[in-house]
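All heavy atoms count here, side chains included; hydrogens, waters and symmetry mates do not.
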Amino acid sequence: MKKTLLLIASTTILFSCSNTEKKSETTTTFSDPIIEHIDSSVSPKEDFFKFANNAWFKQHAIPASEANNGLWKTIQDTLNDNIRRICESAAADTKAGKGSNKQKIGDFYFSGMDTVSIDKAGYTPLKEEFSKIDAIKNTTDLLAEVAYLETMGVETMYDFSISKDDKNSEQYVVTLHQVGLGLPEKDYYFNTDARTSSIRAEYVKHIQAMFQLIGDDEKTAAKKADNIMKLETTIAKSSRKMEDLRDPYKNYNKMSVAQVNKLTPSIKWEETLKMLGLNAPVDSIVVGQPEFYTALETNLKKTSVDDWKTYLKWSVLTRYASQLSKDIYKEDFNFYSTVMSGVKVQKPRWKKIVTATDRSLGDLVGQIYVEEYCPKGTKEKLAEIGNSIRNVYAEHIKALDWMSDVTKEKALRKLNTINMKVGYPDKWKDLSSIEISRDSYCRNVMNIRKWQYNYMLNKYGKPVDHTEWDMEPQTYNAYYDPTNNEIVVPACNIIVPGFEGRMPDDAILYGIIGGSTFGHEITHGFDDQGSLYDEKGNLRDWWTKEDRSKFVAKTKRIVRQFNNYVVLDSLHLKGANTQGENIADLGGVIMGLEAFKKTKQGQSNEKIDGYKPEQRYFLAYAYAWMVQSTDAALAKQVMSNVHAPPAFRVLGPLSNMEEFYKAFDVKPGDKMYREDSVRVKIW
Ligand SMILES: [Zn+2]
């Protein structure tokens with residue numbers, strides 16, 4: 001259960017920590033991005049996000065090859081340049097030992113760039129799977145193929161995985177969740193507004209086009225597309241909405257295998273688990289959404305084997321479309337990037353393959369990234385900021401006026417137990433058994449997905465590995481994992497744009513890395529979901545009833561605030577979906593400010609470029625979210641993402657903060673002002 005954040009970004013190399021920071025303090029005049037991005041035609045009291053960032057937006061239109069622009073893209077460009085160098089130098093080294101990290105990175109990248117071979121192959125890499133699907137004669141064959149596809153990363157009827165047991169975090173457990181939709185969320189199948197209706201129509205056209213590309217005539221392909229849409233709509237009907245997936249208790253239903261068999265009499269789970277490669281004895285399964293599985297049984301009976309076969313083929317084709325020839329990839333891009341996200345043209349090939357290499361072989365790329373691009377002292381600097389936030393957090397918890405001492409004590413214990421993983425892992429994943437060659441890009445991706453599946457499978461029955469990382473050092477993101485009570489902040493989060501080769505002032509460090517990264521992630525441990533897990537990562541109620549109800553009343557206020565924001569024409573934000581992130585943002589910016597106030601700059605009154613320390617802090621916080629998106633991407637985000645669009649991640653939290661009012665002289669009647677009765681502060 002990952003809670004991604006996604007913050008900031010930069011241009012080239014970041015500031016350098018400890019060892020090297022002093023040498024760059026020469027007479028060079030640096031520009032100050034915080035000030036340069038201000039649009040003084042907008043009042044900070046009306047729209048602080050625009051005030052802080054709009055000058056940059058005015059100068060930088062969203063490129064045709066992107067769904068958004070701003071700090072994330074800028075920083076990703078830097079990372080892409082680094083990773084490209086890693087990939088190209090590995091690909092140029094044809095003497096790298098077989099099986100070595102370099103050989104894998106180099107050959108994977110080479111195979112992805114080899115468009116001549118990829119185009120020549122067309123969809124050949126999938127033909128073997130297609131013939132197996134063609135040969136299916138009955139439900140038994142069908143279910144065997146469904147299980148096999150799962151092992152190559154194609155999920156169709158069910159989402160099987162090995163995860164940490166929410167109620168016993170020292171143990172792995174088999175889980176089954178809802179799955180099977182080609183559109184991002186249930187609402188896409190039923191909402192009747194023009195935007196969503198048009199996406200549905202385009203989706204059917206897209207499926208048809210894909211079948212024509214693998215040899216069907218127009219009529220046959222159209223029929224298949226209709227049938228798939230019908231089947232997916234039935235699946236969507238039995239799926240929970242995003243907001244109904246938030247309650248970990250309601251999505252935790254531990255059952256014996258016999259009980260799961262009762263949900264789906266057509267699927268014998270003892271046999272199925274063996275087909276899935278799990279040979280160890282399994283006594284229970286955590287079923288996320290039991291009604292989904294009851295509906296699957298009905299679907300299995302109602303839908304003809306032929307229609308299921310079409311659906312399976314579609315699932316394989318769409319899953320591997322970006323590894324196939326350019327006609328197929330172009331069609332996939334047209335729907336998933338252009339229609340869904342408003343991206344007009346494809347990125348250069350190298351960018352696509354750099355991303356693919358990074359995602360597929362992240363731990364191998366990461367080892368080189370750390371060696372070659374991570375400034376010395378990164379880990380120490382991140383840990384220092386993280387610890388200062390944790391200290392402030394403890395003071396805040398102790399001083400809360402709404403929480404009883406007994407709950408406070410447990411909250412403090414949880415806070416102090418949070419394992420902060422920063423920079424990069426001590427131990428890298430062993431990817432040595434993955435077979436990578438220059439022959440087939442698609443085959444390479446299949447091999448990697450099978451490896452990933454087996455990596456997951458092998459965890460079953462073993463003790464939980466608390467040292468594992470789910471992100472790489474070169475991933476511009478961070479997460480809190482409630483079942484481990486840990487936060488993970490990868491090394492590249494140290495990057496602050498516009499501060500290459502020098503140390504940013506503390507207002508910037510604490511606004512960006514302190515507030516929107518560490519403060520945000522720590523607060524996830526105390527948001528609507530995280531707060532339900534104890535210090536050991538177990539789903540267990542540690543609150544008094546009274547404290548819990550006070551907490552819930554506060555979170556409801558945040559939900560209401562965000563429900564009121566209109567993102568695009570009539571599209572409102574979904575307060576319930578985004579509450580965890582919004583709680584985390586609010587906690588983050590409050591803690592970041594408190595930690596900043598303890599620094600020398602925070603305690604001074606010294607202006608930099610005309611702005612006082614606290615003003616710079618809030619400007620830096622807004623800088624962390626300097627991102628603008630296409631309308632299509634915004635709509636998609638609102639419908640299917642737990643994060644509110646960046647503008648609201650600034651407007652929302654700051655409009656609840658007295659300190660912000662003070663810093664920018666916000667008064668009743670200003671847009672950034674909220675009456676005391678609707679304001680909220682939780683942590
Ligand atoms: Zn988050």
Report yes if some heavy atom in the side chain of [X] is under 4.5 Å from a heavy atom in the side chain of [Y]; otherwise report no.
X: Phe335; Y: Met340; result: yes
X: Asp165; Y: Tyr252; result: yes
X: Pro482; Y: His524; result: no
X: Val642; Y: Arg246; result: yes

Look only at the side chain of [X] and the backbone of [Y], and say whether a donor-acceptor pair between them is shorter than 3.5 Å.
X: Asp465; Y: Thr467; result: yes
X: Tyr455; Y: Asp430; result: no
X: Lys268; Y: Pro265; result: yes
X: Thr544; Y: Asp547; result: yes
X: Ser640; Y: Glu185; result: no
X: Lys429; Y: Trp469; result: yes
X: Asn458; Y: Asn454; result: yes
X: Thr151; Y: Tyr148; result: yes
X: Thr475; Y: Glu472; result: yes

How would you list, by chain and number, every residue that makes a side-chain contact (heavy atoms from CB on, under 4.5 Å) with [X], sequence neighbours excluded?
X: Thr234; answer: Asn299, Lys302
X: Ser238; answer: Phe292, Ala295
X: Thr555; answer: Phe551, Val552, Gln579, Ile583, Ile682
X: Met275; answer: Ala144, Ala147, Thr272

Inset, instruction - Report yes or no: is the cationic atom of Lys164 (NZ for Lys, CZ for Arg) closer than 6.0 Å to the six-membered ring centre of Tyr172, at no more than 45° off its axis? - result: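 No, cation not above the ring by the 6.0 Å, 45° rule.
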Inset, instruction - Check whether NZ of the Lys or CZ of the Arg Arg449 lies under 6.0 Å from the centre of the six-membered ring of Tyr320 and within 45 degrees of that ring's axis. - result: yes
Sequence neighbours excluded, which residues qualify as side-chain hydrogen bond (donor to acceptor under 3.5 Å, both in side chains) partners of [X]?
X: Arg548; value: Ser531
X: Gln178; value: none
X: Glu486; value: Lys421, Asn484
X: Lys241; value: Asp187

Inset, instruction - Could you give me the CA-CA distance, side-chain angles and deciding distance for Glu468 and Lys459, then say whether salt bridge (charged side-chain N to carboxylate O under 4.0 Å, His left out) is met? - result: CA-CA 12 Å; Glu468 197 183 3; Lys459 290 179 175 175; 3.0 Å; yes
Inset, instruction - Could you tell me the separation between the CG atom of Leu213 and the NZ atom of Lys330, rounded to the nearest 0.5 Å? - result: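 Between atom CG of Leu213 and atom NZ of Lys330 there are 10.0 Å.
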Legend entry - Separation between CE of Met471 and OH of Tyr476, rounded to the nearest 0.5 Å: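 If we round to the nearest 0.5 Å, Met471:CE and Tyr476:OH are 12.5 Å apart.
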Inset, instruction - Begin from the C-alpha positions of Leu317 and Ile214 and carry the test side-chain contact (heavy atoms from CB on, under 4.5 Å) through to its verdict. - result: CA-CA 9 Å; Leu317 182 58; Ile214 59 165; 4.0 Å; yes
Inset, instruction - Apply the test salt bridge (charged side-chain N to carboxylate O under 4.0 Å, His left out) to residues Asp631 and Arg195: give CA-CA distance (whole Å), side-chain angles for both, the deciding distance (0.1 Å), then the verdict. - result: CA-CA 11 Å; Asp631 284 356; Arg195 190 183 290 112; over 6 Å; no
Inset, instruction - Give every residue pair that meets the salt bridge (Lys or Arg N to Asp or Glu O under 4.0 Å) criterion with at least one member in residues 306-319, sequence neighbours excluded. - result: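 Counting only pairs at least two positions apart or across chains, the salt bridge (Lys or Arg N to Asp or Glu O under 4.0 Å) contacts touching residues 306-319 are Asp134-Lys313, Asp306-Lys309.
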Legend entry - Non-neighbouring partners of Trp314 that pass ring-ring contact (aromatic ring centres under 6.0 Å, His included), sequence neighbours left out: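 Trp314 satisfies ring-ring contact (aromatic ring centres under 6.0 Å, His included) with His206 only.
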Legend entry - Any residue meeting ring-ring contact (aromatic ring centres under 6.0 Å, His included) with His177, in chain and number order, not counting sequence neighbours: none
Inset, instruction - For Asn641 and Lys636, run side-chain contact (heavy atoms from CB on, under 4.5 Å): C-alpha distance rounded to whole Å, both residues' side-chain angles, the deciding distance at 0.1 Å, then the answer. - result: CA-CA 8 Å; Asn641 198 303; Lys636 183 181 166 206; over 6 Å; no
Inset, instruction - Salt-bridge test for Lys132 and Glu145: reply yes if a basic N is under 4.0 Å from a carboxylate O, no otherwise. - result: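 Looking at Lys132 and Glu145, the cut-off is met.
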Inset, instruction - Taking only Lys NZ, Arg NE, NH1 and NH2, and the carboxylate oxygens of Asp or Glu, determine whether Glu270 and Lys274 approach each other closer than 4.0 Å. - result: no
Inset, instruction - Could you tell me whether the side chains of Thr264 and Glu297 share a donor-acceptor contact shorter than 3.5 Å? - result: no
Inset, instruction - Apply salt bridge (Lys or Arg N to Asp or Glu O under 4.0 Å) to Lys550 and list each qualifying residue two or more places apart in sequence or on a separate chain. - result: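 Partners of Lys550 by the salt bridge (Lys or Arg N to Asp or Glu O under 4.0 Å) criterion come out as none, since no residue qualifies.
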Legend entry - Test side-chain contact (heavy atoms from CB on, under 4.5 Å) applied to Val174 and Ile162, step by step: CA-CA 5 Å; Val174 174; Ile162 306 296; 4.0 Å; yes
Inset, instruction - Using the side-chain contact (heavy atoms from CB on, under 4.5 Å) rule, pick out the option among Lys414, Lys410, Arg540 that qualifies with Asp534. - result: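 With Asp534 as partner, Lys414, Lys410, Arg540 yield a single side-chain contact (heavy atoms from CB on, under 4.5 Å), made by Arg540.
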Inset, instruction - State which residue, out of Asn251, Leu176, Asn253, fulfils the side-chain contact (heavy atoms from CB on, under 4.5 Å) condition with Pro290. - result: Asn253
Legend entry - Aromatic ring proximity, centroids under 6.0 angstrom, Tyr565 and Phe648: yes
Inset, instruction - Would you confirm whether the ring centroid of Tyr158 sits within less than 6.0 angstrom of the ring centroid of Trp269? - result: yes
Inset, instruction - Look at the aromatic rings of Tyr123 and Phe130 and report parallel, tilted or perpendicular, splitting at 30° and 60°. - result: tilted
